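None of the values given here were measured: they were computed from a predicted structure.
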Amino acid sequence: MILVHPLIDPVIFSIGIFDIRWYSLAYVLGFILGIIIIKKINKNFKKPIENKIIDDFFVWAVLGVILGGRIGYILFYKTNIIFINPIEILYIWQGGMSFHGGLIGIICSIYFYSKLKKIDFFKLSDLVCIVAPIGIFLGRVANFINMELYGRVTDLNFAMIFPYVDNLPRHPSQLYEALFEGLILLLIMIYINLREVNKNKFGINTSFFLIFYGFFRFFLEFLREPDSHMGLLLNYFTMGQFLCAPMIIFGLIIYIGLKKNDKK
């Protein structure tokens, strides 16, 4: 079955010269829903974090994801912009955000904020990791609407044509990622949290998020069209796969470290 992209307008509506886009709405909804759900989950902890501390973290989270995502995109995918037209670094509305850059940004935000408020780093990161798949899901749906990050050409019966790209049947990889990195990962994180929430130990959620997201993204990248200006690295892997490898490794290190502490 060959489907055709529904050609949804990336702009929801305009106010004067300002466009309200699905991509922007995905970020806004992701952050708002994330904070609301974090506060509900936090109540189940034996020693919950104060709501005021979670509310104040909202700004830190936004800055970490936005700045990290944009800087990461430039450093990982568009380094030439720094030398050719550095002012373009600020053109966020043109697209160009890196998940891995946003991840590094939010990790930095969690680290410095937890130090400032004297709370356990993993206690806060575990909460963030539970809701992160919601934002990822919304972001991938927005990618689909924008017809960006589309899949490779395929001869499988199930494929989609992206008219603004070409008339070739391709994997709708944005939807694959929305399913695995969003919905399925969210269910995994909810299940893990239900098992661990009353044990008063933290880090398990964080380790499983890093491992499963890295695993899903690594294999789904084989179905996603590589960035045209970069192509495949070592003739086989994408930059996204190279960036997923450290995620999986660090996730395993955290998990093994926690298990060793349990034995002690």
Can you check whether Ile71's main-chain N or O pairs, donor with acceptor, with Ser98's side chain at less than 3.5 Å?
-> no

Report the distance from atom CG of Asn205 to atom NZ of Lys123, rounding to the nearest 0.5 Å.
-> 13.0 Å

For the pair Tyr255 and Phe208, name the ring-plane relationship: parallel under 30°, tilted 30 to 60°, perpendicular over 60°.
-> perpendicular

Any side-chain heavy atom of Cys244 sitting closer than 4.5 Å to one from Gln241?
-> no

Interatomic distance, Ser173 atom OG to Leu179 atom CG [nearest 0.5 angstrom] | 12.5 Å

Short N-O contact, Glu225 and Arg152, less than 4.0 angstrom | no

Worked check of side-chain contact (heavy atoms from CB on, under 4.5 Å) between Tyr23 and Met97 = CA-CA 11 Å; Tyr23 194 73; Met97 296 287 284; 3.6 Å; yes

Carboxylate-amine/guanidinium contact Glu177 Arg224, below 4.0 Å | yes

Closest non-hydrogen atom pair between Ile145 and Asp9, with its separation | CG2-O, 4.2 Å

Quick one: do Phe212 and Phe219 end up in the same hydrophobic cluster if we chain Ile, Leu, Val, Met, Phe, Trp and Tyr together by side-chain heavy atoms under 4.5 Å apart?
-> yes

Could you tell me whether a side-chain N or O of Trp22 sits under 3.5 Å from a main-chain N or O of Ile8, the two making a donor and an acceptor?
-> no

How about Phe121 and Lys115: do any of their side-chain heavy atoms sit closer than 4.5 Å?
-> no

Check whether any side-chain N or O of Asp126 sits under 3.5 Å from a backbone N or O of Thr206 as a donor-acceptor pair, and report yes or no.
-> yes

With no hydrogens and no angle check, is any side-chain donor or acceptor of Tyr113 less than 3.5 Å from a backbone partner on Ile53?
-> yes

Main-chain N/O of Leu156 paired to Thr154 side chain as donor or acceptor, under 3.5 Å = yes

Decide whether Phe13 and Phe18 are clustered together by the hydrophobic rule: side chain heavy atoms of Ile, Leu, Val, Met, Phe, Trp, Tyr closer than 4.5 Å, transitively.
-> no

Heavy atoms, side chains only, cut-off 4.5 Å: are Leu234 and Phe242 in contact?
-> yes

In terms of the angle between their ring planes, are Phe31 and Phe58 parallel, tilted or perpendicular, with boundaries placed at 30° and 60°?
-> perpendicular

Over all atoms of both residues, closest heavy-atom pair of Ile254 and Gly203 = CG2-O, 3.7 Å

If only atom types and distance count, is the side chain of Asp19 paired as donor or acceptor with the main-chain N or O of Arg21 below 3.5 Å?
-> no

Full working for side-chain contact (heavy atoms from CB on, under 4.5 Å) between Lys260 and Ile256 = CA-CA 6 Å; Lys260 286 183 176 180; Ile256 293 170; 3.9 Å; yes

Quick one: pull up CD1 in Ile81 and CG in Leu75 and give me the separation to the nearest 0.5 Å.
-> 10.5 Å

Approximate separation, where rounding is to 0.5 Å, of Ile2 CD1 and Asn167 CG = 12.0 Å

Minimal non-hydrogen separation, Met189 against Cys129, with atom names | CG-O, 3.8 Å

Look at the side-chain heavy atoms of Ile, Leu, Val, Met, Phe, Trp and Tyr, link any pair under 4.5 Å apart, and say whether Leu187 and Phe216 land in one connected group.
-> no

Co-membership, hydrophobic cluster, residues Phe137 and Ile32, 4.5 Å side-chain = no

Can you name the nearest heavy-atom pair linking Asp166 to Ile161, along with the distance?
-> O-CG2, 3.6 Å

Would you confirm whether His5, through its side chain, and Leu7, through its main-chain N or O, come within 3.5 Å as a donor-acceptor pair?
-> yes

Spell out, as yes or no, whether a donor-acceptor pair under 3.5 Å connects the side chain of Arg170 to the backbone of Gly151.
-> yes

Would you give the length of the straight line joining atom OH of Tyr213 to atom CG of Leu185, rounded to the nearest 0.5 angstrom?
-> 9.0 Å

What are the two closest heavy atoms between Val4 and Pro163, and how far apart are they?
-> CG1-CG, 3.9 Å

Can you check side-chain contact (heavy atoms from CB on, under 4.5 Å) on Leu127 and Ile37, steps first, answer last?
-> CA-CA 9 Å; Leu127 286 169; Ile37 296 172; over 6 Å; no

More than 12 heavy atoms of other groups within 6.0 Å of Phe222 CZ | yes

Keeping the roles fixed (side chain from Asp227, backbone from Met230), state whether a donor-acceptor pair exists under 3.5 Å.
-> no

Is there a side-chain contact between Ile74 and Arg70 (heavy atoms, below 4.5 Å)?
-> yes

Could you go step by step and tell me if Gln174 and Val141 meet the side-chain contact (heavy atoms from CB on, under 4.5 Å) rule?
-> CA-CA 7 Å; Gln174 312 98 321; Val141 172; over 6 Å; no

Do you reckon Leu149 sits in the same ILVMFWY cluster as Phe237, going by side-chain contacts under 4.5 Å, direct or chained?
-> no

Can you find a heavy atom in the side chain of Phe99 that is under 4.5 Å from one in the side chain of Tyr73?
-> no

Please tell me if the side chains of Pro133 and Phe209 come closer than 4.5 Å, counting only heavy atoms from C-beta onward.
-> yes

When rounded to the nearest 0.5 angstrom, what is the spacing between CG in Leu210 and OG in Ser125?
-> 8.5 Å

Ser109 side chain to Trp60 backbone, donor-acceptor under 3.5 Å | yes

Note, His100 side chain near Met239 side chain (heavy atom, < 4.5 Å) = no

Locate the shortest heavy-atom distance separating Pro10 from Asn146; write the atom from each residue and the value.
-> CB-OD1, 3.3 Å

Examine Tyr176 together with Phe180 and report whether their ring centres are nearer than 6.0 Å.
-> no

Do the side chains of Ile12 and Leu25 get nearer than 4.5 Å, heavy atoms only?
-> yes

